[in-house]
Amino acid sequence: MSKKKNISQFRNIGIMAHIDAGKTTVTERILYYTGKSYKIGEVHDGEAVMDWMQDEQDRGITITSAVTTCEWKNSVIQIIDTPGHVDFTVEVERALRVLDGAIGVFCAVGGVEPQSETVWRQADRYSVPRMAFINKMDRTGADFFAVVKSIKEKLKANPVILQIPMGSEDNFAGIIDLVNMKQIIWDDETKGAEYSEDEIDEGFQEIALEYREMLLEAISEVNDDIMEKYLSEEDISTGEINKALRTATIAREIVPVLCGSALKNKGIQPLLDAIELFLPSPSDVPPIQGVHPETNEKLEFLPNKNGHLAALIFKVSMIEGRKLSFVRIYSGRIETGSDVFNPLLNKKEKLSRILKMHANKRERLKEAGAGDIIGIVGLKNSGTGDTLCSQDNPVFLEKMEYEDPVISIAIEPKTHADQEKLDDVLEKFIIEDPTLKVRKDEETGQTILSGMGELHLEIIISRMLKEFKTNVNVGNPQVVYREVLTSKTKGEAVFEREISRKMHFAKVNITLEPLNRGDGITFESKAGNDQIPEQYIPVIEKGILESLEGGFLKGYPFVDLAIVLKGGSSDDRSSELAFSVCASMACKDALEKASISLLEPIMEIEVFVPDNYMGDAISDLNARGGKVESITPKSGIQIVKAVAPLARMFGYSTALRSVSQGRGTFSMHFSRFDMV
């Protein structure tokens, strides 16, 4: 980092959107105009700097979040470009966890699409201040004001328009800046690097004054000083407007709205200005909070380079066989060659290299401090979600939660050489991706991969072949079910056995009872200390949970049930081993008497289909057991919202292309588990 920069000049931001809204193109233009890239990389040519992975270039989509750093005027902007496809939401989740601000990119034609809603809700969960950039103003069907309306209605946000477009579609010429009351037009010959700020043309003056008035009204609603001046019709300076906008954006009371066309090189420089003016620095957001590992005392860390170290690993990548950990430093500083402490593992780790990231290129640093987002090489044992701190001042920062996988495939290596490589390759994938699960099927000997969707698993298989030269045979996708109790059941067991010439004894008595959907698994002990000593209770709980993980009907894990330890007995022969085995036996006894059903994943589907193909598209959904919940017309297309069992949705993309002559698109994400 530039030594002159103060922490108040840092902007740690994410760019998030639905697939195909153009967020990678926006990032590419930011890199070009800040001088980070010497040429503009295009997604459709497979040359985008941020889409550096082979599969990203082949498919024209972002799969893994990339980190880069650039400078604009007085600010250092650290950007994470996140994926838009629903199968990679975990990448967005990890990025939002460590960001101070975000830009939601919306397509001027598509508006607020399903994945835009998903990532917006994720940003709500992490209280991230946001701006909106309405992109693709040059496309046929572009409607700036309709998108602003849908941001308000669908996202329940408070959009405040700072710019309006000068025309749209083929007539999109530039923008009108309502804060400075200027029109901005870009020069095509310099690829938008040069632009002019002029007085507003007569044809746009009336609409500019109307929306300027709405802007002042919106700010006065969230700022008392502006309200006083507005009501007494005093002049309000640009500086006062910008200050009020900044305060309200950081407080998440408003979402400033800007527009442009990244592909046509229009609108990016004012977006960079707005990042600097309105999005928070690390010192503008509340201090990061954590707990002391031993005392559970709540701790908070101000963004101070001289404070105690508090940093979070938000992502791990295996690049060229080396483990690269992406880290956000909230407080304190680190140096190359120094030690850090991982309180979860209770281990020290050595930092062999600190790297400033630029997509997949990197530059070595001697040190990094509060506010930095960096790459670290040398962390052998630490993983995603782990905290790094100093041993003298340990802290746990909040861990990230991930959804369980909903789809599986069976794989087996093609040759003996592939067999030797497979376990090693899968281990690397698991380190990188917390949503990928791997297990061995004892009956068939096959390896089962479970993930978030068909594309997720497809990318994993593709990377095995392209990056790691490992060939596998792939079975058909299988749905990941859950098992659930439908009635209360009791179980008991006695364990009395000689192991290694020593007698072991335990008796356990339990009840299992179904809970409401989504309540999870709870454990409660009602056994007296005279029946079962307290030190054995955690062992019993672990033994039962491990049994439930293995399922009963089909080997799928149980969900939503209450475990109550009713009683049991112990004597001087009792041991942890005895109670662990006995708890598992009591659980099996209860399940043998129980009424058990399967739950299957139900998906929410949104289908975009031209009017004249809608009948066929709905018939196909009905044939798959889908239930149509709503149909909304929108400029020549119909948006069909439905729910359907995942088991019936395999191959749907091919079927939809077939019934709509390639013109239909859809998005699908997990909704809930329901009875088969």
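The ring pair (Phe, Tyr, Trp, His ring centres under 6.0 Å) contacts involving residues 412-437 comprise Phe429-Phe468, where partners must be two or more places apart or lie in separate chains. Residues in residues 376-397 take part in these salt bridge (charged side-chain N to carboxylate O under 4.0 Å, His left out) pairs, two or more places apart or across chains: Asp386-Lys399.
Residues Glu541 and Ile537 have side chains not in contact (no heavy-atom distance under 4.5 Å, counting atoms from C-beta outward). Using a 4.5 Å heavy-atom cutoff, the side chains of Leu309 and Ser331 are not in contact. Counting heavy atoms from C-beta outward, Ile374 and Leu365 have side chains that approach closer than 4.5 Å.
Nearest approach of Pro413 to Val472, heavy atoms of both residues: CA-CG1, 4.1 Å. The shortest non-hydrogen separation linking Leu457 to Ser450 is CD2-C, 4.0 Å.
Partners of Ser580 under the side-chain contact (heavy atoms from CB on, under 4.5 Å) rule, at least two apart in sequence or in another chain, are Val539. Take Ala370 and apply the side-chain contact (heavy atoms from CB on, under 4.5 Å) test, not counting sequence neighbours, and it matches Ile7, Lys305. Listed by chain and number, the residues in a side-chain contact (heavy atoms from CB on, under 4.5 Å) with Lys350 are Asp339 (sequence neighbours excluded).
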Quiz item: Under the salt bridge (charged side-chain N to carboxylate O under 4.0 Å, His left out) criterion, do Glu335 and Arg333 qualify, and how do the steps go?
Solution: CA-CA 7 Å; Glu335 292 179 3; Arg333 51 195 277 281; 2.8 Å; yes
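Checked by atom type, the side-chain pair Lys315/Thr384 shows no donor-acceptor distance below 3.5 Å. In this model, no donor atom of one side chain and acceptor atom of the other lie less than 3.5 Å apart for Thr470 and Asp418.
Between Lys428 and Asp423, none of the side-chain N atoms (NZ, or NE/NH1/NH2) sits under 4.0 Å from a carboxylate O, so this pair counts as no salt bridge. Of the charged side-chain nitrogens involved, none lies within less than 4.0 Å of a carboxylate oxygen, so that Lys356 and Asp372 do not count as a salt-bridged pair.
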Throw together a table of side-chain donor-acceptor distances under 3.5 angstrom for residues 274-285, partners on residues two or more places apart or in other chains.
residue	atom	partner	partner atom	Å
Glu276	OE2	Asn74	N	2.9
Glu276	OE2	Ser75	N	3.2
Glu276	OE2	Ser75	OG	2.8
Ser281	OG	Ser283	N	3.2
Ser281	OG	Ser283	OG	2.9
Ser281	OG	Asp284	OD2	3.1
Asp284	OD2	Arg246	NH2	2.6
Asp284	OD2	Ser281	N	2.9

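Side chain of Glu546 to main chain of Gly543: no donor-acceptor pair is present (N/O by atom type, distance under 3.5 Å, no hydrogens or angles).
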